[in-house]
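Step one of this worksheet: look at the structure below.
The chains referred to below are lettered A, B, ... by the order of the sequence lines, with proteins before strands, and numbering in each begins at 1.
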Amino acid sequence: NAGVTQTPKFQVLKTGQSMTLQCAQDMNHEYMSWYRQDPGMGLRLIHYSVGAGITDQGEVPNGYNVSRSTTEDFPLRLLSAAPSQTSVYFCASRTTANYGYTFGSGTRLTVV
Amino acid sequence: AQRVTQPEKLLSVFKGAPVELKCNYSYSGSPELFWYVQYSRQRLQLLLRHISRESIKGFTADLNKGETSFHLKKPFAQEEDSAMYYCALSGRLLTGNQFYFGTGTSLTVIP
């Protein structure tokens with residue numbers, strides 16, 4: 001199993017550009033989530049999904065969209081990038097049994 | 001609000017000394033608590049779950065419902081323990097049974 005795979009690993013965007021961060025898992029996990037990690041603020045939940053076709057907002061959803069058309073994939077879309085979205089983004093997945101989240105390796109995004 | 005507090009941003013201990021990373025939570029139901037570790041620029045890895053009462057890499061953590069704490073302890077710190085540690089709270093009362101993380105404690109073990 002590859003676990004949770006995120007692409008790209010690094011990205012630089014200009015203000016106003018849009019892009020999609022990809023996340024895929026091969027463990028047949030029902031739950032998937034996106035977090036952003038910022039110094040001194042820990043990990044904050046952006047959006048999450050409890051199954052294919054079901055998504056909901058987390059703590060900091062503004063400026064981001066998600067969809068979950070399959071169990072495996074959970075892409076995160078930045079609609080119009082802003083410097084405040086400079087961060088490290090982590091995707092994670094788990095089962096409903098809640099043995100804990102498995103994390104991807106992260107995407108380091110810089111918006112200039 | 002249901003939340004997690006890690007009061008120490010930075011913690012330094014000498015090799016061989018005991019270490020305790022503090023975690024307090026606020027939750028009105030039955031909490032599920034976890035510790036995650038992140039080595040330099042790597043992904044987060046699950047270290048401990050309170051429900052399994054296990055010891056991983058010499059670390060233990062006991063859930064104290066009276067004090068609403070889930071402190072992480074190790075009797076003898078090693079240099080390879082230097083990392084960022086996050087405490088996380090989950091539970092059925094949280095929307096979508098999601099995880100909420102503390103702000104993390106950066107542990108440095110001095111040789």
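- Residue-environment remark: CD (B/Glu67) stays at or below the threshold of 12 foreign heavy atoms within 6.0 Å.
- The closest side-chain heavy-atom distance from A/Phe103 to B/Gln38 is not below 4.5 Å.
- To the nearest 0.5 Å, atoms CZ (B/Arg43) and CD (A/Gln6) are separated by 8.0 Å.
- Note: the hydrophobic cluster containing A/Val50 does not contain A/Phe74 (ILVMFWY, side chain heavy atoms under 4.5 Å, direct or indirect links).
- To the nearest 0.5 angstrom, A/Tyr99 atom OH is 8.5 Å from B/Ile51 atom CD1.
- Each of B/Gln6, B/Gln42, B/Glu32 has some count of heavy-atom pairs under 4.5 Å with chain A, and the biggest count is that of B/Glu32.
- Contact annotation for residues 102-111 of chain B against chain A (heavy-atom separation below 4.5 Å, listed by residue number): B/Gly102, B/Thr103.
- With ring centers used as reference points, A/Tyr35 lies under 6.0 Å from B/Phe101.
- For a residue to count as touching a neighbouring chain, one of its non-hydrogen atoms must lie under 4.5 Å from one of that chain's; by this rule A/Arg44 does not touch chain B.
- B/Ile56 and B/Leu21 fall within the same hydrophobic cluster, where Ile, Leu, Val, Met, Phe, Trp and Tyr residues are linked whenever their side-chain heavy atoms come under 4.5 Å apart, directly or through other members.
- With hydrophobic clusters built from ILVMFWY side chains whose heavy atoms lie under 4.5 angstrom apart, B/Met84 shares a cluster with B/Phe99.
- At a 4.5 Å heavy-atom cutoff, the contact between B/Leu44 and chain A is made by backbone and side-chain atoms alike.
- Closest of all the heavy-atom pairs between B/Lys9 and A/Gly40 is NZ-O, 3.9 Å.
- With hydrogens and angles disregarded, a donor-acceptor distance shorter than 3.5 Å links the side chain of B/Tyr36 to the backbone of A/Tyr101.
- Residues A/Val88 and A/Leu21 fall into different hydrophobic clusters, defined by Ile, Leu, Val, Met, Phe, Trp and Tyr side chains chained together at heavy-atom separations under 4.5 Å.
- Cluster membership for A/Val111 and A/Phe90, using ILVMFWY side-chain heavy atoms within less than 4.5 angstrom, is not shared.
- Looking at B/Tyr86, only its side chain comes within 4.5 Å of chain A, counting heavy atoms on both sides.
- Once rounded to the nearest 0.5 Å, the distance linking OH of A/Tyr31 with CD of B/Gln98 reads 7.0 Å.
- For the atom pair OH of B/Tyr100 and CG of A/Leu43, the computed distance is 13.0 Å after rounding to the nearest 0.5 Å.
- Residues satisfying the salt bridge (charged side-chain N to carboxylate O under 4.0 Å, His left out) test with A/Arg68, not counting sequence neighbours, are none.
- If you measure heavy-atom distances from A/Ser33 to chain B, the contacts under 4.5 Å come from the side chain alone.
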